[in-house]
Structure formats: structure tokens, C-alpha cells
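Everything on this sheet refers to the single structure shown next.
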Amino acid sequence: RTMEGPPKAKATEAKASGGGMASGAPKSLISTKLASYRFVDTQVHIQLISMPGSFYLWVGTQKKTLNNLTVSAITPFDKIPSASSVLGNDEDSFRASFAKKLAKRTGKVVYLSCNLPPNQDYLERFVQEKVIGLLKSNGLISTNNAKK
């Protein structure tokens, strides 16, 4: 399924999965969720692609940008998840700490691309709240894991 046109509401969400499978066909292991929110005068877009054991999360204020990618996972060696920047610079401490937080809360490998303006603490907090809500609504964070 494709999304056409700009979001029309203050908070809009769309879900796509399965790619045109017939009724009764096996359910796809990959699902996609798109959401857009308005924070003051900034439009924030979120894309979540959920896969078995991992998920890809793209967050940005402009569509079609992929300036960075951070991967985070829980390891058997430490209680704190490990994170590494695989694309772009790793000067953004918000991205690494947010990826670690998501890995810890979900128990999954996290691929995070966060394309937000720098030094916008309120916007970062807003994005965190919206992402956590999106993950909860898609069953990636249970209410039991919400405060880890």
C-alpha cells in the first residue's frame, strides 16, 4: 500500500503490511506503521518497520532524509544495551541514548535514524513520547516493560 499526499490531521497514522496478500494467506512477518505529529510549528514524521527480533525506526522533520543510522542491542555482557553509529557522525548523544533505551524496553535489536534539528530538547522529549506510544500500540512494548 502507498501513502499519498501530506497528512491532513494534527496526528495521523497509517498502517501497511502484507503487500496485497489474499484473504486467508499467511500474515507477513514485516509490518510498517507511519505517523505524523505537529509539535509547535514543526511537523514530525515517524516510520516504524517491525521485523522478528528487531525494528527499524525513522524519525525526522523532513521526508526522504537518512542522515544517520544507529544500531543498538542488548548483550549478555552488560545490563546496558550496546549502541553503535553505522551511518553519519556519532556526535549526537540523544540518538545513541534513545536507541539504547528502546533496545532495553523492547528486548529487540533497534535500527534508529533520527533526523531532527540539533539542540531541541523539547522536540526530542516529544518524539520520545510519541515513539514509545507507537511501540506500545504495536505490541513492541508491553505495559509491564513501560518503565524500564
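Every heavy atom of this structure was used, including side-chain atoms; hydrogens, water molecules and symmetry mates were not.
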Drop me the distance from [X]'s [atom1] to [Y]'s [atom2], to the nearest 0.5 angstrom.
{"X": "F39", "Y": "Q120", "atom1": "CZ", "atom2": "CD", "result": "8.0 Å"}
{"X": "L66", "Y": "C114", "atom1": "CG", "atom2": "SG", "result": "11.5 Å"}
{"X": "L48", "Y": "L57", "atom1": "CG", "atom2": "CG", "result": "6.0 Å"}
{"X": "L134", "Y": "Q47", "atom1": "CG", "atom2": "CD", "result": "11.0 Å"}
{"X": "L34", "Y": "I46", "atom1": "CG", "atom2": "CD1", "result": "10.5 Å"}

Looking only at heavy atoms, which two atoms of [X] and [Y] are closest? And how far apart?
{"X": "V109", "Y": "A73", "value": "CG2-CB, 4.0 Å"}
{"X": "P117", "Y": "L123", "value": "CD-CD2, 3.7 Å"}
{"X": "L29", "Y": "P52", "value": "O-CD, 3.4 Å"}
{"X": "I74", "Y": "K104", "value": "CD1-CA, 4.2 Å"}
{"X": "Y56", "Y": "M51", "value": "N-CE, 3.9 Å"}

N119 CG: over 12 foreign heavy atoms closer than 6.0 Å: no

Q62 atom CD: more than 12 heavy-atom contacts under 6.0 Å: no

Is the backbone of S82 close enough, under 3.5 Å, to the side chain of S72 for a donor and an acceptor to pair up by distance? yes

Closer than 3.5 angstrom, by distance alone: can the side chain of N67 be matched with the main-chain N or O of G88 as a donor-acceptor pair? no

Beyond-backbone contact of [X] with [Y], side-chain heavy atoms, under 4.5 angstrom:
{"X": "N89", "Y": "N68", "value": "no"}
{"X": "S50", "Y": "K108", "value": "no"}
{"X": "K130", "Y": "V44", "value": "no"}
{"X": "L102", "Y": "I132", "value": "yes"}
{"X": "V110", "Y": "F55", "value": "yes"}

Check whether the side chains of S113 and N115 place a donor and an acceptor atom closer than 3.5 Å, and report yes or no. yes

Can you run down the ring-ring contact (aromatic ring centres under 6.0 Å, His included) pairs that involve residues 59-95, sequence neighbours left out, and say none if there aren't any? F94-F98

Look at the rings of H45 and W58 and say which category their plane angle falls in: under 30° parallel, 30 to 60° tilted, over 60° perpendicular. parallel

Hydrophobic cluster membership, with links at side-chain heavy-atom distances under 4.5 Å among I/L/V/M/F/W/Y: are I141 and I80 in one? no

